[in-house]
Amino acid sequence: MSVPPSAERMNASVDQVADSATRAIAGAVPVASRASARWTVDAVEALFALPFTELLHRAQTVHRQHHAPDTVQLSTLLSIKTGGCSEDCGYCPQAARYQTGVENEALLAQDVVVAAARAAKAAGASRFCMGAAWRGPKERDLAPVLDMVRAVKAEGLETCCTLGMLKDGQAQALKDAGLDYYNHNLDTAPEFYGDIVTTRDYRDRLDTLERVREAGINVCCGGIVGMGESRRARAGLIAQLANLDPYPESVPINHLVQVEGTPLHDRLGGEAALAPLEFVRTIAVARLTMPKAMVRLSAGRRELGDAAQALCFLAGANSIFYGDRLLTTGNPDVDADRVLLSALGLATA
Ligand code: SAM
Ligand code: DTB
Ligand code: SF4
């Protein structure tokens with residue numbers, strides 16, 4: 001049996017990596033930060049293994065060095081093109097090949113999108129994220145989306161799109177239309193990825209992220225936990241994100257929403273595959289490894305409950321998806337979120 005490293009030695013090595021990463025970003029570029037210290041999966045896993053209170057203390061300390069500790073940013077999602085997707089992502093209710101009850105719908109009209117954006121702004125959101133169930137936008141799809149980006153931007157909201165893989169030139173066209181953020185997730189660690197998606201590979205995702213970065217759009221990139229992955233795989237996902245150079249401005253951490261008819265629902269049987277406290281640890285580790293990023297509580301907040309969400313804010317989460325729906329699944333009601341944020345004394349931005 002191998003002897004585990006002593007807690008002290010492990011903490012020392014984690015401290016070294018964390019401190020050098022924090023030092024490396026201090027005073028560097030204002031928004032995204034350079035990942036000049038590479039995170040090893042071992043070092044990230046060592047963070048996961050810290051005593052819970054120590055981990056949260058460290059995460060909150062780093063959080064306060066870079067962010068207002070009492071403010072949560074609100075992003076609202078809208079599915080502008082629902083269902084009928086050609087891909088086989090094992091978690092996704094929008095894949096045409098799974099019987100989930102989600103119908104293939106046409107792209108929404110611009111006036112419908114603008115009305116939703118206005119309502120989101122009136123409810124307090126600062127960013128509006130438009131999602132499409134595409135492998136990637138076809139050329140004829142992109143033009144109406146560019147119009148939507150212009151129109152939403154004109155409403156005084158930050159704009160975000162998640163449209164799948166982008167080809168050469170598409171990211172630049174989105175940037176020219178005024179897109180602020182592009183969401184494209186790595187989803188999980190490279191070694192677990194093939195268990196979840198086969199119709200596009202990890203490299204495809206990294207290529208799209210590079211195109212987004214090169215076009216000068218802020219990168220929103222995260223993943224999903226609770227898919228039956230090991231803690232090592234969670235650490236592997238975080239290491240991949242933290243080692244992007246620069247690391248993403250925005251990191252959505254999704255807790256799998258198990259939808260009947262998807263392969264992951266079949267595999268996991270509708271039982272949560274992750275303890276809430278392990279989700280909180282994931283948030284804390286994201287905060288420690290990507291100090292300046294906005295870390296967003298994304299899918300799965302309803303299932304998480306108020307107490308675990310409060311711990312997530314303590315662990316460094318500072319953004320949520322806000323609105324009664326995500327893309328096709330539910331989200332906490334706006335009123336319930338207002339009550340929770342007010343009970344926690346958190347302001348919104
Ligand atoms: N089709 C585009 C793509 O896949 O890049 C954009 C939309 S897709 C729904 C955006 C992200 O939502 C996925 O990458 C995944 O991380 C997340 N997601 C989808 N279904 C989910 C589920 N059931 N639970 C948690 N996250 C989910
Ligand atoms: C992200 O990381 N999570 C959001 C957003 N980016 C597009 C999507 C969550 C989708 C959850 C399942 C659904 O509602 O269809
Ligand atoms: Fe399609 Fe995106 Fe769902 Fe994958 S996650 S099936 S690409 S909509």
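As the structure lists them, so they are numbered: ligands from 1, and atoms in each ligand from 1. Note that the numbering runs from 1 along the sequence shown for the chain. All of these numbers come straight from a predicted model, not from anything done at the bench.
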- Taking 2.8 Å as the upper limit, name the protein N, O or S atoms near atom 1 (Fe) of ligand 3. Cys85 SG

Counting each atom of ligand 2 from 1 as listed, which ones have a heavy atom of [X] under 4.0 Å away?
X      : result
Thr162 : 7 (C)
Leu326 : 14 (O)
Pro252 : 2 (O)
Leu77  : 4 (C), 5 (C), 7 (C)

Just by distance, do the side chain of [X] and the backbone of [Y] share a donor-acceptor pair under 3.5 Å?
X      : Y      : value
Tyr98  : Asp88  : yes
Arg205 : Asn185 : yes
Asn183 : Thr162 : no
Asp204 : Asp201 : yes

- Query: Do Ser298 and ligand 2 have an N or O pair less than 3.5 Å apart?
  - Reply: no

- Message: Is there a polar contact between ligand 2 and Thr329, counting only N or O atoms under 3.5 Å apart?
- Response: yes

Considering only heavy atoms, does [X] approach ligand 1 within less than 4.0 Å through its side chain, its backbone, both, or neither?
X      : answer
Ala132 : backbone
Asp187 : side chain
Ile224 : side chain
Leu327 : side chain
His184 : side chain

For [atom], grab the closest protein heavy atom and report residue, atom and distance to one decimal in Å.
atom                    : result
atom 6 (N) of ligand 2  : Asn183 OD1, 3.0 Å
atom 10 (C) of ligand 2 : Leu327 CD1, 4.1 Å
atom 15 (O) of ligand 2 : Thr328 OG1, 2.7 Å
atom 12 (O) of ligand 1 : Asn185 ND2, 4.4 Å
atom 9 (C) of ligand 2  : Asn254 OD1, 3.9 Å
atom 24 (N) of ligand 1 : Val257 N, 3.0 Å
atom 20 (N) of ligand 1 : Tyr91 CD1, 3.3 Å

- Query: Should you measure from each heavy atom of Tyr91, which atoms of ligand 3 turn up under 4.0 Å away?
  - Reply: 5 (S)

- What atoms of ligand 3 come closer than 4.0 angstrom to any heavy atom of Arg200? 7 (S)

- Query: With a distance cut-off below 6.0 Å to the six-membered ring centre and an angular limit of 45° from the axis, does Arg301 pair with Phe321 as a cation-pi contact?
  - Reply: no

- Message: Ring of Phe52, cation from Arg281 - is the NZ or CZ under 6.0 Å from the centre and inside 45° of the axis?
- Response: no

- Query: Going by distance alone, is a donor N or O of one side chain under 3.5 Å from an acceptor N or O of the other, for Glu210 and Thr208?
  - Reply: no

- Task: Show the numbers, then the answer: is there a side chain to side chain contact (heavy atoms under 4.5 Å, CB included) between Leu142 and Leu174?
- Result: CA-CA 9 Å; Leu142 198 60; Leu174 286 161; 4.2 Å; yes

[X] near ligand 2, heavy-atom distance under 4.0 Å?
X      : value
Gly222 : no
Val257 : no
Phe321 : yes

- Item | Stepwise salt bridge (charged side-chain N to carboxylate O under 4.0 Å, His left out) test for Asp324 and Arg302 | CA-CA 10 Å; Asp324 298 349; Arg302 267 201 325 198; over 6 Å; no

- Query: Can you find a heavy atom in the side chain of Val295 that is under 4.5 Å from one in the side chain of Met290?
  - Reply: no

- Message: Measuring only between side-chain heavy atoms, which start at C-beta, is Ser250 closer than 4.5 Å to Asn218?
- Response: no

- Query: Backbone, side chain, both or neither: what part of Pro93 comes under 4.0 angstrom of ligand 2, heavy atoms only?
  - Reply: side chain

- Does Asn185 approach ligand 2 within less than 4.0 angstrom via side chain, backbone, both or neither, non-hydrogen atoms only? side chain

- Item | atom 14 (O) of ligand 1 protein-contacted (non-hydrogen atom, under 4.0 angstrom) | yes

- Mind running salt bridge (charged side-chain N to carboxylate O under 4.0 Å, His left out) on Asp168 and Arg211 for me, showing each step along the way? CA-CA 7 Å; Asp168 271 342; Arg211 290 192 170 110; 2.9 Å; yes

- Given Leu163, Asn254, Thr162, Thr188, which has its nearest heavy atom closest to atom 10 (C) of ligand 1? Thr162

- Message: Please compare Cys221, Gly300, Gly164, Ser298 and report which has the shortest non-hydrogen distance to atom 5 (O) of ligand 1.
- Response: Gly164

- Among Ile283, Val280, Thr61, side chain to side chain contact (heavy atoms under 4.5 Å, CB included) partner for Leu56: Val280

- From CA spacing to verdict: side chain to side chain donor-acceptor pair (under 3.5 Å), Glu87, Thr199: CA-CA 6 Å; Glu87 302 301 278; Thr199 49; 3.0 Å; yes

- Can you name the closest pair of heavy atoms from Ala299 and Val257 and give their distance? CB-CG2, 3.9 Å

- Heavy-atom pair of closest approach, residues Phe48 and Arg234: CZ-CB, 3.9 Å

- Looking at Trp134, which atoms of ligand 1 are within less than 4.0 Å of one of its heavy atoms? 1 (N), 2 (C)

- Query: Considering only heavy atoms of Ala299, which atoms of ligand 1 have at least one such atom less than 4.0 Å away?
  - Reply: 25 (C), 26 (N)

- Message: If the threshold is 4.0 Å, N to carboxylate O, is there a salt bridge linking Asp207 and Arg203?
- Response: yes

- Query: Is it true that Leu327 and Tyr91 fall in one hydrophobic cluster, defined by side-chain heavy atoms closer than 4.5 Å?
  - Reply: no

- Message: What's the separation between atom OG1 in Thr188 and atom CE in Met227, rounded to the nearest 0.5 Å?
- Response: 4.0 Å

- Residue-ligand contact Arg200/ligand 1, heavy atom below 4.0 Å: yes

- Heavy-atom count around Glu105 CD within 6.0 Å, excluding the residue itself: above 12? yes

- Neighbour count >12 (heavy atoms, 6.0 Å) for atom NE2, His57: no

